[in-house]
Amino acid sequence: MNDYIPQEIEPKWQAKWEADGLYHADIDESRPKHYALTMLPYPSGDLHIGHWYAMTPSDARARYKRMNGFNVMFPIGFDSFGLPAENAAISRGIHPKKWTYANIENMRKQLRSMGAMWDWRREAVSSNPQYYKWSEWFFIQLYKHGLAYRKMSPVDFCPHCNTTLAREQVWGEDRHCERCETPVIKKDLEQWFFRTTRYADELLNYEGMDWPERVKVLQTNWIGRSEGAEVRFSVISDQSSALPAPVPPWPGRQDRQAQVSEVEGSLITVFTTRPDTLWGATFMVLSPEHPLVEKITTPDHKVEVEAYKTQAARQTDIEREAVDKEKTGVFTGGYAVNPVNGEKIPIWIADYVLMTYGTGAIMAVPAHDERDFAFAIRYGLPIIPVIDRPDGISKSLVFPGSVAPGFADLLQTANIEFYAAPVGSLGDGLFVTLRREQVDGYAALMRQHLQPGNWNEIVGAHWLFIFDDGIMELDGVSSDQAILARCKAIYPPVNHNRTVMEMVNSLPFYRDVLFHADYGAMINSGEFSGTPGETAKRRVTQWLKAKGVGDFAVNYKLRDWLISRQRYWGAPIPMINCQKCGWNPVPEEQLPVLLPDDVAWKPTGESPLKLHPTWKQAQCPVCGGAAERETDTMDTFMCSSWYHLRYLSPHYDKAPFDPAEYNYWMPVDTYTGGIEHATMHLIYTRFFHKALRDMGVTEGAEPMIQLHNQGMVLGEDHEKMSKSRGNVVAPDKLVARYGADAVRAYLMFFARWDMGAPWNSTGIDGTVRWLRRVWTLVSERSGPGTCSPESRRNLRRKVHQSLRRVTRDFETFEFNTIVSALMELLNTMYAAREAGAVGTPEWDEATDIYLRMLAPVCPHIAEELWAHIGKPYSIHTQPWPQVDEAAAQEDEITIPIQVNGKLRDRIVVPADTEDEQVKSAALASQAVQKYLAGKPPRQVIYVKGRLVNVVA
RNA sequence: GCCGGAGUGGCGGAACUGGCAGACGCGCACGACUCAAAAUCGUGUUCCUUCGGGAGUGUGGGUUCGAUUCCCACCUUCGGCACCA
């Protein structure tokens, strides 16, 4: 037989498989179906090694499933709308359509070189009108079912280019436009949203889904459900000292996302997870974008507020939310009334409050929230503890000379924990830590021994200020100022402090007891003081509800899905705006709304749909008058939320998919793709499916039963592959040099699939060598057949053990060990050949099983060798071999012997040896005897078939 | 910063449910074949060692007869953070 030349055999078999329609997937009720789906690629121009890494193992597993009797559908297509096409248009003057379809043509060719079992008849291309007609249709259905709506939302905007910018188009610390380097601004636009939040609770349910735990956790955190309360604060004027007007009745539950715009008049609604801390709310913070900011801000604060809003708008949400960032904000001049105690509290704005979470406003409880604490310390706002410390710890620093001599001895006698250490340059002070039950005794002792003209404070679980004429307790805003005034009178260096907390926070000894975010009994909370932590939230919320100032509320981090893109290359949003009739969908019989081809590209990237002279002119579907089309297009995540449905029947023109195909193939049995899609795409597609289900379009709770994610292939320099870094690995070159089979095998072998790894160009020689060895071995068909029955049995054992491993690893997506097992078995077969096994029935069986196991991994060489040994075409329609458990059974086992957990010896015993016999054989070992040194063992542990541990 | 992963020889990785750490491969060294080279085949390859043994799975602790595996803290690194897809 000739040498192994993959460049000859691979195109040959690919052409034959194609001509024979070997991979056509058609409905066949007699067989169980398997829908294997790999994530829709974007046609960026060149197939990336990352595509191969993602798709080859998916293909191998689809093939394995097919050999296991399943009718497998493994489709492919292109997610072909999106930003890069427009970038090419702007920078190189190529029409996005032309650029996209040229790329698709190239990638089809490249994809075919993989030898994957795609059914190309089912190819779906999201930028084809016959595809995006249905994307538009879905938009209209969602709109008709109340799941699409418009609201104002900010975008990053380049004022010079007059364009909305994607996050990746904003560069640098100063956030400038990638094209013209102008600093970006935020611009508020009316945009379309889908109500994903309506499905938030259902999306948290993963019942019956075989998805990786990490993805479920990521999604759960992304959805970010939290239970708490909404509370309404009324705004009052600076001058107002009279009691505030009563808060109007609670309007009842409304749609979550609509809430924000419904904040009006003089009411601020906040969401809080800690209604039990309401008595400690000493100020409010609005997001700088909050609609009430303008109304509340007093004339003398206008300049500062406007300046702050501008700087906040230039940051990303990530920067704004960062916990370690310095907290900044400005006072608006406005005040609100804390509904629980009538306290007048100032209203600030700060960038750490985001308009996209909750109601865009918070009540700040600095004693029990880390960020609020930092903010209050910085701006001198009062901090009043309202939740008891569960640990009951208080601290007190006794200043040098503030107590009568001998105080330390008294503490010792009272069993109070303390140490003496210098306080600045004042001499030694006493640093006291108190348990709850010691506070009263300590306070009494201090009252007796405090020298005139001093005070002492107890802070933490208790807040007592002991003066020579009595004790004051920090229990509210007024006592805060009263205590501070006394302290300033006694010790002028504290004059600059604005609050008691600021004063005590300057002593590092106190810092760990000043603030906590735990649950505990309520304190300083009027009639609620003493309410235990377990019931506090519920009882306070019930009371708020009864008073009409609040209610139970659930909030989510998940936001509604922003669909609008101010771009050309996307599916048009099929809506028409009429001055008389408002927004209405394009009548379904007029779909698709086609993208115009004759568009002009301004070098700035301004949307050509807006600039097109006639495209946006339309007739109102209601009154028939002149109206305007929506010129925004859809987010490409819309296209990729339903592509698995278009694959069912890409040419069907009566509906997005053929119901007969749906009924047979759906749901997707195995979905594979990158872990980077764990939240956005995989939440959107689940939302989409559930929304369609509720409209009667789809069935079942979930679109994808099983999910497996691959990791990423980095460049050889351990950096993300990119053209600019010059570290991109081109699969075409590798295929030309080594053949597709070797590249496929190497990609499965070189890393753990679910983790990914940096590319390693040196290892591929090993897989090439391996395939050549397979070739050589199978080529040789006649031999002496002279080897011993024992070595023939050993060969069979190894074959069936390998089959067991390979089968298991295919089920669990552990592709690297599949290839290892095949390499190992080949080594055994080489040894068997040396022993004269060629020509025996065991050898023939080994060859047969070997090629079947190889077929999903390296389909071309397996097919070639299968033909060579005279087996019927095609190996890919052969059944998967069955493990002969009896043959795989070991006769003898080696048991490692440990003494005190360290390996000291090994014994070989028949596999069926009784436990007691194994133990006594282990104890009889010379090595064990040596370590026992004549003493009896304390314990002998035998883990059946695994190991013996002798405890001396 | 927040959420989720990952850290094992010179390198990629293996180790099933807490039970022999380093399978398989790359690289390297030596040998065979060859005039020679490539290819191929064979042997060896965690580190230290006084050759008895000792240490060792990012770091530090803990649980256990026994920990790469479980628990706590930390370090490094990768993915995502809502207009890249």
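Order of the sequence lines fixes the chain letters, A, B, ..., with proteins taken first and strands second; residue numbering starts at 1 for each chain.
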In whole Å, what separates the P atom of B:rU68 from that of B:rA15? 15 Å
For a stem of at least 3 consecutive Watson-Crick or G-U pairs with distances under 3.5 Å, i pairing with j, i+1 with j-1 and so on, which stems involve RNA chain B? B:1-7 with B:75-81, B:10-12 with B:24-26, B:27-32 with B:40-45, B:46-48 with B:53-55, B:58-62 with B:70-74
Test item: side-chain donor near acceptor, A:Trp569 and A:Thr633, under 3.5 Å: no
Using the side-chain hydrogen bond (donor to acceptor under 3.5 Å, both in side chains) criterion, which residues pair with A:Trp561? Sequence neighbours excluded. A:Asp635
Whether each nucleotide of nucleotides 39-58 of chain B has a protein heavy atom under 4.0 Å at its base (B), only at its sugar-phosphate (S) or at neither (-) is summarised, 5' to 3', as SSS------------SS---
Residues A:Asp372 and A:Tyr352: side-chain donor-acceptor under 3.5 angstrom: yes
Would you say A:Lys186's side chain and A:Pro154's backbone share a donor-acceptor pair under 3.5 angstrom? no
How far does the C1' atom of B:rC70 sit from the matching atom of B:rG22, given to the nearest Å? 22 Å
When you compare B:rG7 with B:rU69, how far apart are their P atoms, in angstrom units rounded to a whole number? 10 Å
For RNA chain B, what residues of residues 561-570 of chain A have any heavy atom nearer than 4.0 Å? A:Leu562, A:Ser564, A:Arg565, A:Gln566, A:Arg567
Select base, sugar-phosphate, or nothing to describe what A:Asp635 touches, counting heavy atoms under 4.0 Å on all strands. nothing
Which pairs pass salt bridge (Lys or Arg N to Asp or Glu O under 4.0 Å) with one or both residues in residues 212-224 of chain A, sequence neighbours excluded? A:Glu213-A:Lys216
Say we look at B:rG44 and B:rG9: how far apart would their C1' atoms be, to the nearest angstrom? 15 Å
Going 5' to 3' through nucleotides 10-23 of chain B and flagging B where a protein heavy-atom sits under 4.0 Å of the base, S where only the sugar-phosphate is that close, and - otherwise, we get -SBSSSB--BB--B
Any side-chain donor paired with an acceptor under 3.5 Å for A:Asn162 and A:Thr604? no
